[in-house]
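First the structure, in the form of structure tokens, and then the observations on it.
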Amino acid sequence: MDQYPARIVVLTGAGISAESGLATFRGEDGLWEGHRVEDVATPEAFGRDPALVHKFYNARRAQLAEVEPNAAHLALARLEAEWPGAFLLVTQNVDNLHERAGSKQLIHMHGENSKAWCIACDRRSPWSAPIGEDSPCPECRAVGALRPDIVWFGEMPYDMDRIEEALRDCDLFVSIGTSGAVYPAAGFVQTARYCGARTLEMNLEPSIGSIYFGESRIGRAGELVPAWVDELLAATS
Ligand code: BJW
């Protein structure tokens, strides 16, 4: 590599957590008790059947205590710590494996399942227990107003201004473990590429938007990501 890319933006999806034991959304194990994510992860579904939606997220929140970050999460945290340029990690995942691996420059664009959001007082609280329809908000004590702090279909993902700015300014955009089925994340590659960045995807299979990437590495994130981080850091030394 002649010149290393100064500013890197990395986007991750469910595939990066698959080797930690968390199910992806659109794989063979992508159905939850017969429900597609598109049918559960909406404000309308929550309005119709809050108990079902709480059950879906409570089960996934409980599972977080049983899983650990894998080699791909750890490699991205190492890259952030050792990279001499700017680095931003944007994850679509609502698990907490990136932060537990040590990542700090991190945006959870689809929210965090380890937080509860009170729609009565608009405050977010750390949450590790099940949320129920009768759970009081720890801030305002309202009952029945808590929902998981998750961005559902039709809702605006978090921190889009900061993400768009980083995408426009970056020299390298890397997408890891995402199918490219969900917007706006699926369009990030086109923004970065249009603004002159190199683009790389690492995924178990070519993603839906694979043709937009300058380079595709096909395989498991737990193997591809550490190798890529080694390669990148070697070029800076
Ligand atoms: C491995 C691996 C290993 C496996 N190693 N790889 C029509 C056209 C275009 C857009 C729309 C449309 N109709 C509606 C929309 C918008 C909509 C949307 O995109 N819908 C699509 C279904 C078409 N989007 C929204 O509503 C978003 N909001 C929005 O657009 O607001 C307006 C706006 C306008 C302008 C600017 C900005 C905003 C909100 C989307 C919210 C998504 N929420 C979810 C659920 C909540 C979180 C949760 O419950 O966990 O987020 S949906 C679900 O999909 C979850 C994920 O974050 C997201 C993406 O999935 P991901 O991560 O890609 O997982 P998979 O399973 O799809 O793929 C995993 C990949 O990993 C696979 O390819 C595997 O091969 C691979 N893999 N093992 C490497 N070991």
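We count ligands from 1, going down the list as the structure has it; atoms in each ligand are counted the same way.
- Shown here is Y212, whose OH atom has no more than 12 heavy atoms of other residues, nucleotides or ligands within 6.0 Å.
- Note: an N/O pair closer than 3.5 Å links A14 and ligand 1 by distance alone.
- At a 4.0 Å heavy-atom cut-off, ligand 1 touches I150 through the side chain alone.
- Contact annotation: for V94 versus ligand 1, heavy atoms closer than 4.0 Å belong to the side chain alone.
- Evaluated by nearest non-hydrogen atom to atom 60 (O) of ligand 1, the leading choice among E19, R26, H108 is R26.
- Under a 3.5 Å cut-off, the side chain of T91 and the backbone N or O of N93 do form a donor-acceptor pair.
- Considering only non-hydrogen protein atoms, atom 73 (O) of ligand 1 sits nearest to N203 ND2, 2.9 Å.
- Checked by distance only, ligand 1 and W152 stay at 3.5 Å or farther apart across all their nitrogen or oxygen atoms.
- Protein heavy atom in closest approach to atom 6 (N) of ligand 1: L204 N, 3.2 Å.
- Under 4.0 angstrom from ligand 1, the non-hydrogen atoms of P157 all belong to its side chain.
- Taking every non-hydrogen atom of V182 and a distance limit under 4.0 Å, the qualifying atoms of ligand 1 come out as 19 (O), 40 (C), 42 (C), 54 (O), 58 (C), 59 (C).
- Scanning the protein for heavy atoms near atom 49 (O) of ligand 1, the closest one is Y57 OH, 2.7 Å.
- S17 and H98 share no side-chain donor-acceptor pair at under 3.5 Å.
- Given atom 33 (C) of ligand 1, the protein heavy atom at minimum distance is M156 SD, 3.7 Å.
- Here's the thing with E155: one of its N/O atoms is less than 3.5 angstrom from an N/O atom of ligand 1.
- When only interatomic distances are considered, the shortest N/O to N/O separation between V151 and ligand 1 falls below 3.5 Å.
- Looking only at distances, no side-chain donor or acceptor of R7 sits under 3.5 Å from a matching main-chain atom of A86.
- Nearest protein heavy-atom neighbour of atom 25 (C) of ligand 1: Y183 O, 3.6 Å.
- In terms of polar-atom proximity, defined here as any N/O pair under 3.5 Å, G180 makes no such contact with ligand 1.
- Counting heavy atoms only, G15 comes closest to atom 1 (C) of ligand 1 of the residues G219, S207, G13, G15.
- There is a protein heavy atom less than 4.0 angstrom from atom 40 (C) of ligand 1.
- Residue S179 places at least one N or O, backbone or side chain, under 3.5 Å from an N or O of ligand 1.
- Atom 20 (N) of ligand 1 has F153 CE2, 3.7 Å as its closest protein atom, hydrogens excluded (heavy atom only).
- The single protein non-hydrogen atom nearest to atom 45 (C) of ligand 1 is A41 CB, 3.8 Å, given as residue, atom name and distance.
- The protein heavy atom nearest to atom 5 (N) of ligand 1 is A221 N, 2.9 Å.
- Remark: among candidates R60, E112, H110, E223, the nearest residue to atom 42 (C) of ligand 1 is H110, based on non-hydrogen atoms.
- Salt bridge D149/R124: present, at least one basic N to carboxylate O contact under 4.0 Å.
- Of the options G222, A185, G177, the smallest heavy-atom separation from atom 69 (C) of ligand 1 is shown by G177.
- Of all the heavy atoms of Q92, the ones lying under 4.0 Å from any atom of ligand 1 are found in both the backbone and the side chain.
- The shortest N/O to N/O separation between F25 and ligand 1 falls below 3.5 Å.
- Counting the atoms of ligand 1 from 1 in the order shown, those under 4.0 Å from a heavy atom of G154 are 25 (C), 26 (O).
- Closest heavy-atom approach to atom 21 (C) of ligand 1 within the set A181, P184, P148: this belongs to A181.
- Considering backbone and side-chain N/O of A18, none are found under 3.5 Å from N/O of ligand 1.
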